[in-house]
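Below is one structure, written out as structure tokens; comments come after it.
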Amino acid sequence: MIWSTRSDGFHDYYNDRWYEFTGVPAGSTDGEGWNGMFHPDDQERAWSVWRRCLETGETYHIEYRLRHRTGQYRWVLGRAQPVRDEDGRTTRWYGSCTDIHEQVLARESLAKSREHLETAVRDRTAELADLYTKTPVALHSLDASERLISVSDRWLAFMGYDSRDEVIGRSIVDFISAESLAAHDSEYRQSLFESGVVEDLPCVCIKKSGELADVLVSARTTIARDGTVSRIMASIVDVTERKRAEAARDMAEAALRQSQKLETIGQLTGGVAHDFNNLLMAIRSNLELMLRRLPAGDDRLAKRLENAILATDRGAGLTQRMLAFARKQELDAQSVNVEALLEGTRDLLERSLGPQVEISYALSPDTAEAHVDANQLELALLNLCVNGRDAMDGNGRLTIMLDNVELRGSGEPGSGEYVRIAITDSGTGMDAATLAQAMEPFFTTKGVGKGTGLGLSMVYGFASQSGGTLQLSSEPGKGTTAELLLPVAKDAVRRRPVETVESPVSVLRTEKATILAVDDDALVLMGTTGLLEDMGYEVLEANSGKKALEILATRTDIDLVITDHAMPKMTGVQLAELIHDGCPDLPVILATGYAEMPEGGERHISVRLEKPFSEKRLSQAIAQALPSGGSIVSSSARQTG
């Protein structure tokens, strides 16, 4: 139905459809005719809107009921648009009326249906709310501002709250750890507000007690009619125990990898140590012989030879560190008063660390004795303190703490009571990546030529072999703490200071002894023979265990056997057993560059001599091995077989 008016709103045109719909006689343009066609309830509203549009020039748009030619009222949509001249003045209005009666009736019917549905939903919601609070799952719901509007009983119990009044209205952020928010908040929001769904997002909750709990969060959004989020429904699943089990598994796998790494390094080191120490032995013995035969007065050449000998000692030290990391060094564990040991090393540490390092001690007076090799412990402590000094560039504070600690758990080193020595420096500290590699063999943060990377790994190997462990903690800018854990001596009845054992000295002999030297390495055998002959002994040589037995079968004047251990076909230990069977009183010195020995291998060994050895250490070993401090066993006193 189309109509038009003048600028003053007086109707001057209706189309045929308008006359047909209303039943007004065709041709009538009297605007007052409208007054009888509006529904009484709509007339004033319709005219009021029309008058406002005439005054403001805004578009006319309104729904009202118009009388049909049948006498019934039908809903129509009345619309009109002004027409303006070049100056913007309204010159005419063109309007229309569209029959929307069926649509309005459908809309009203839908509204009534929705009202009935909402009533039913409210009733059902009340029932569901009761089920929601009683569910065995930890559930909560949030409003658009992420504040709690409901929680289930299970949620309250899990989080440790007694009533809903304690939590309703609080932000969900109050119950999430800061670290978890930093790690997962952006991921949570992106997933929730883009797709409306979050599935099993890891999170750390804070319970009322302050206890942290690992959970998985799942959530769904409810969207309002305007397209915004009206509610967030979420559930949390406790995975704390699962996380702990996974962490324990990861620790076990890490320990296994470390063990496999140790085994690999150990196998490599064991093989290298023997050959490397043999080379060092050959070099060192010949250097000592050259130094002894050097004409007097050539101080410059003597100094060079002494430096070369010192280099072989440093090489031997490097091998010992590798053996320590691989847990293959020989340890003489006993009950040690660690407090007394620390007191005894004060002067050594002060001289080693320099005047710019301040050393403070916090030693618990009731610390138990440790079951440990005292000499190796001193080396480990010196190593850790020197590392601390280097981390402080030689200037700072080093704190040494001693106490007892009891561990519980299945990780390294296991449950039990331990003596703890904690050494803390005020250095630069390490980041997580560096800390993770700090005890790896050959890893070092020092410059080229300033470190072997075996210091910490050696201490770790020593601690592990002793039944303890080494633990490091560090942060950039906060220094580093090295905790050395050692097992408590179970049979210790009192604490005793570490005794300094004086090394035996060579004993001057009035009678020349005969020594059988056995080694499959010709260079080592030649060097050892040279040292022995220079010391005044008569020396017989054998390049195998079989050859040594053949010589012993024909010579009854041999007073001592010095044998290598790692020889083909017959080891030094096996040779010693056969010698004992035939000549039980004949002493045997085992000279070896390999630390690991078979079980019971020391049974028939008089003295163990580690390669590379000096002439002085060789002399001391002979003095220890020969009966009565160096008296010679006569041939008639030995039983040959």
Side-chain angles (χ1 to χ4, degrees), residues 1-3 14-15 17-24 33-53 56 58-81 94-135 139-152 164 168-169 192-193 195-197 219-235:
M1 294 174 280
I2 304 299
W3 50 269
Y14 300 102
N15 69 352
R17 174 61 181 148
W18 191 89
Y19 290 116
E20 179 185 340
F21 181 89
T22 61
V24 173
W34 285 86
N35 290 329
M37 287 183 287
F38 285 115
H39 190 285
D41 294 340
D42 301 335
Q43 179 172 311
E44 180 55 35
R45 179 171 59 88
W47 280 116
S48 175
V49 173
W50 175 240
R51 285 192 296 268
R52 185 181 74 243
C53 291
T56 63
E58 64 184 83
T59 300
Y60 182 67
H61 189 285
I62 187 172
E63 292 181 3
Y64 53 82
R65 283 164 290 184
L66 190 65
R67 191 176 65 202
H68 190 257
R69 64 178 180 271
T70 61
Q72 296 179 339
Y73 289 96
R74 295 181 66 86
W75 282 97
V76 297
L77 172 61
R79 289 173 289 187
Q81 186 78 23
Y94 286 102
S96 66
C97 292
T98 303
D99 186 353
I100 59 171
H101 191 70
E102 300 302 329
Q103 291 94 315
V104 171
L105 293 181
R107 189 170 64 198
E108 291 177 347
S109 176
L110 181 62
K112 290 180 180 179
S113 298
R114 181 180 290 112
E115 182 180 353
H116 290 307
L117 179 60
E118 289 177 349
T119 300
V121 168
R122 281 195 298 270
D123 294 340
R124 181 58 177 161
T125 299
E127 297 176 10
L128 292 175
D130 186 58
L131 291 174
Y132 172 87
T133 59
K134 304 299 182 184
T135 178
L139 301 175
H140 65 260
S141 63
L142 311 170
D143 61 17
S145 300
E146 298 185 347
R147 295 188 175 277
L148 285 169
I149 54 179
S150 65
V151 295
S152 67
R164 288 175 173 78
I168 298 302
L192 187 65
F193 292 107
S195 66
V197 177
R220 298 284 190 281
T221 58
T222 300
I223 306 301
R225 293 180 184 175
D226 60 2
T228 61
V229 174
S230 64
R231 177 175 293 207
I232 302 169
M233 301 292 296
S235 66

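In this text, all values refer to a predicted model and were calculated from it rather than measured experimentally. Quick note: residue numbers are just sequence positions, from 1.
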| field | With sequence neighbours excluded, residues passing side chain to side chain contact (heavy atoms under 4.5 Å, CB included) with E20 | value | R17, R69
| query | Does some side-chain heavy atom of Y60 sit less than 4.5 Å from a side-chain heavy atom of V49? | reply | yes
| Closest contact, heavy atoms only, W75 versus E108 | NE1-OE2, 4.5 Å
| Is a salt bridge present between R231 and D143, judged by a nitrogen-to-oxygen distance below 4.0 Å? | no
| field | Main-chain N/O of E44 paired with S48 side-chain donor or acceptor, under 3.5 Å | value | no
| message | Within the 4.5 Å heavy-atom criterion, are I232 and L192 side-chain neighbours or not? | response | yes
| said: Regarding S150 and S141, do their side chains bring together a donor and an acceptor under 3.5 Å, going by distance alone? | reply: yes
| message | Please report the interatomic distance CD(Q43) to CZ(F38), rounded to the nearest 0.5 Å. | response | 7.0 Å
| query | Going by distance alone, is a donor N or O of one side chain under 3.5 Å from an acceptor N or O of the other, for T59 and H61? | reply | no
| Can you find a heavy atom in the side chain of M233 that is under 4.5 Å from one in the side chain of L139? | no
| Heavy-atom pair with the smallest gap, counting every atom of I168 and V151 | CD1-N, 4.3 Å
| request: Measure the spacing between CG of D41 and CZ of R45 and express it to the nearest 0.5 Å. | output: 9.5 Å
| Got C97 and Y64 here, is their nearest side-chain heavy-atom distance under 4.5 Å? | yes
| request: Report yes if some heavy atom in the side chain of H68 is under 4.5 Å from a heavy atom in the side chain of F21; otherwise report no. | output: yes
| note | Separation between CG (L105) and CZ (R74), nearest 0.5 Å, reads 8.0 Å
| Has R164 got more than 12 heavy atoms of other residues, nucleotides or ligands less than 6.0 Å from its CZ? | yes
| query | Under 4.5 Å between any side-chain heavy atoms of R67 and T22, yes or no? | reply | no
| task | Check the pair Q103, L77 against side chain to side chain contact (heavy atoms under 4.5 Å, CB included), reporting the backbone distance first and the verdict last. | result | CA-CA 11 Å; Q103 291 94 315; L77 172 61; over 6 Å; no
| request: Under the salt bridge (charged side-chain N to carboxylate O under 4.0 Å, His left out) rule, what do E102 and R107 come out as? Steps first, then yes or no, please. | output: CA-CA 9 Å; E102 300 302 329; R107 189 170 64 198; over 6 Å; no
| message | So does S230 get a backbone contact from the side chain of T222, meaning a donor-acceptor N/O pair under 3.5 Å? | response | no
| field | Straight-line distance of Y94 OH to I2 CD1, nearest 0.5 Å | value | 11.0 Å
| query | Under a 4.5 Å cut-off applied to non-hydrogen side-chain atoms, are E58 and R52 in contact? | reply | yes
| field | Value rounded to 0.5 Å, distance of OG1 in T221 from CG in L142 | value | 11.5 Å
| query | If you measure from CD1 on I100 to CZ on R65, what distance do you get to the nearest 0.5 Å? | reply | 11.5 Å
| task | Determine whether M37 and V24 make a side-chain contact, defined as any pair of heavy atoms from C-beta on separated by less than 4.5 Å. | result | yes
